[in-house]
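One structure is given below, encoded as structure tokens.
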Protein chains: 2
Amino acid sequence: MNTQHFSTKERILGAAEQLFATHGFAGASLRQVTAAANVNLAAVNYHFGSKENLINEVFRRRLDDLNAHRIEELDKAAARTDSDLEDLLSAFIRPALDLSLDRTGGGAFIRVLARAFAEHNDALRKFLSDNYGHVMKRFHAAFAQRLPNLDKEELYWRLDIIAGALTYAMADFGVIKRKTGVTEQTHRERAVEHLIRFAAAGLRAP
Amino acid sequence: MNTQHFSTKERILGAAEQLFATHGFAGASLRQVTAAANVNLAAVNYHFGSKENLINEVFRRRLDDLNAHRIEELDKAAARTDSDLEDLLSAFIRPALDLSLDRTGGGAFIRVLARAFAEHNDALRKFLSDNYGHVMKRFHAAFAQRLPNLDKEELYWRLDIIAGALTYAMADFGVIKRKTGVTEQTHRERAVEHLIRFAAAGLRAP
DNA sequence: GTCTATATTTGGATAGAC
DNA sequence: GTCTATCCAAATATAGAC
């Protein structure tokens, strides 16, 4: 991530992602970030204005893509008349799995997301809600259509739990050593299947 | 938590627990902690030596109790010949549920635990491993006895995931507003049941 | 044990030369 | 756009009086 053929901005984002994953938002200093990115300390404020905005941009870079894929998969599932709860859950969960498996830092980003859940940071939650609330609304609507007896707020609440469980599982799996070669991907695939079954059962509960 | 009829040490621990839950270990300063505890800034270093040690003591205060209850429940389950996987899981999970429901800050502590998972802090992990590794060993042995075909390392790995899922669920549930009175406890009870089924299925997977 | 005062370090942010 | 140098605030930690 700190090779020279990426732009300064990209190198900062990559280094920040890694360090936020490891030390947290408060724990990783801009000095650590700029040193790892091999750029000057002042570059962060020049390109991003502030540390808080840098944090937001770390999210934006990945979430734009992730949520676009989710909407894409949701549209596919919604177009089919025979799609069920599991298909909707898959549309939400599979893109996150793919991201966690990519080789350009996606695994680190998933750990950053896990931290965001733990943070309960109001500014961060507002940013996520402002920018990606519409994705949750789309999924909420799709689930609500298939679960007409479930209270709307209860549904939001359960989707939040599912997002949390997914993030945690992906972040934790990131620590596992892939001893026997293919295992890493296989394990995550299985985790996703378990999650989908678990989440579907949870959603169907009265 | 910051009333005068607790000792300085206890007030610091309570305030630290609350603030670590809200802002994280790096994010909560000793100045915030001592102000909330209504004690002098220097008191932390006098009573605990350092911030890192204060963090450790926040864990010790709750985990000693939590793990004692877990061992107690495990012994009860192990004594019965007809106990199954679900009983062992219950011995592990129920004491955490009880803690999350207590009224002296247990809910905040569960959020602190969730942060510890996200931290991946080596010093903290070593502290937890040194002081509570024997509890995981006891559970590992009990599960291994009932799952003789499962690889030992695989089992450790899965128990870790279960601990993570439990912690996350409890921490997240902590945010929910109990609108209709009894709901809070009922919801957590249900979450625990889901978790146990989920975990048991995961453990039985090949 | 508790306080005030302070040493020391570190962090975020910016000014101004290039 | 990038660098050096620096400002200022905040943090951990300690010394020493009470």
Side-chain angles (χ1 to χ4, degrees), chain A residues 1-61 112 115-116 119 121-124 126-127, chain B residues 1-59 61 112 115-116 119 121-124 127:
Chain A
M1 263 299 123
N2 43 10
T3 48
Q4 286 303 112
H5 53 274
F6 285 101
S7 72
T8 295
K9 234 175 144 168
E10 279 297 314
R11 293 214 305 286
I12 291 172
L13 285 169
E17 184 173 70
Q18 290 287 344
L19 286 162
F20 288 156
T22 309
H23 301 111
F25 304 112
S29 72
L30 294 185
R31 285 175 158 80
Q32 288 177 289
V33 169
T34 51
N38 208 25
V39 302
N40 188 272
L41 170 61
V44 166
N45 284 292
Y46 176 78
H47 285 286
F48 298 96
S50 69
K51 182 179 184 177
E52 187 176 315
N53 195 247
L54 169 61
I55 294 173
N56 288 347
E57 293 306 313
V58 165
F59 282 101
R60 190 194 307 280
R61 185 173 67 145
V112 174
R115 284 195 180 267
E119 285 292 325
N121 177 322
D122 283 342
L124 193 54
K126 180 172 164 27
F127 172 84
Chain B
M1 262 301 123
N2 44 8
T3 47
Q4 286 303 112
H5 52 274
F6 286 100
S7 72
T8 295
K9 233 176 145 167
E10 279 299 314
R11 292 213 307 285
I12 291 173
L13 286 169
E17 185 173 69
Q18 290 287 344
L19 286 162
F20 288 156
T22 309
H23 301 111
F25 304 111
S29 72
L30 295 185
R31 284 176 158 78
Q32 286 176 291
V33 169
T34 51
N38 208 23
V39 303
N40 188 272
L41 171 60
V44 167
N45 284 293
Y46 176 77
H47 285 287
F48 298 96
S50 69
K51 182 179 183 176
E52 189 176 316
N53 194 247
L54 168 62
I55 294 174
N56 288 347
E57 293 306 314
V58 166
F59 282 100
R61 185 174 65 146
V112 174
R115 282 195 180 268
E119 285 291 327
N121 177 322
D122 282 343
L124 193 56
F127 172 84

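Please read all numbers here as calculations on a predicted model, not as lab measurements. Naming convention: chains lettered A, B, ... in sequence-line order (proteins, then strands); numbering from 1 in each chain.
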Near-strand residues of residues 45-60 of chain A, defined as heavy-atom separation under 4.0 angstrom from DNA chain D: A/Y46, A/H47
Contact under 4.0 Å: B/T8 side-chain N or O vs C/dG1 OP1/OP2: no
Nucleotides 3-8 of chain C: which of its N/O atoms have a protein N/O under 3.5 Å away?
{"residue": "C/dC3", "atom": "OP2", "partner": "B/N40", "partner atom": "N", "Å": "3.4"}
{"residue": "C/dT4", "atom": "OP2", "partner": "B/N40", "partner atom": "ND2", "Å": "3.2"}

With B/F127 via ring pair (Phe, Tyr, Trp, His ring centres under 6.0 Å) - residues at least two apart: none
Criterion side-chain contact (heavy atoms from CB on, under 4.5 Å) against B/I12, the qualifying member of B/V58, B/L30, B/L54: B/L54
By side-chain contact (heavy atoms from CB on, under 4.5 Å) - contacts of B/N53 (at least two apart): B/F48, B/S50, B/N56, B/E57
Heavy-atom side-chain proximity of B/K51 to B/V44 below 4.5 angstrom: no
Nearest heavy atoms of A/V112 and A/E17, plus distance in Å: CG2-O, 3.4 Å
Phosphate contact (D/dA11 OP1 or OP2) by B/S29 side-chain N/O below 4.0 Å: yes
Side-chain (B/R11) to main-chain (B/T34) donor-acceptor, under 3.5 angstrom: no
B/A116: side-chain contact (heavy atoms from CB on, under 4.5 Å) partners, not counting sequence neighbours: B/F59, B/L124
Sequence neighbours excluded - ring-ring contact (aromatic ring centres under 6.0 Å, His included) pairs with any residue from residues 14-40 of chain B: B/F20-B/F25
Nucleotide C/dG11, atom P - distance to CG of B/L30 in whole Å: 15 Å
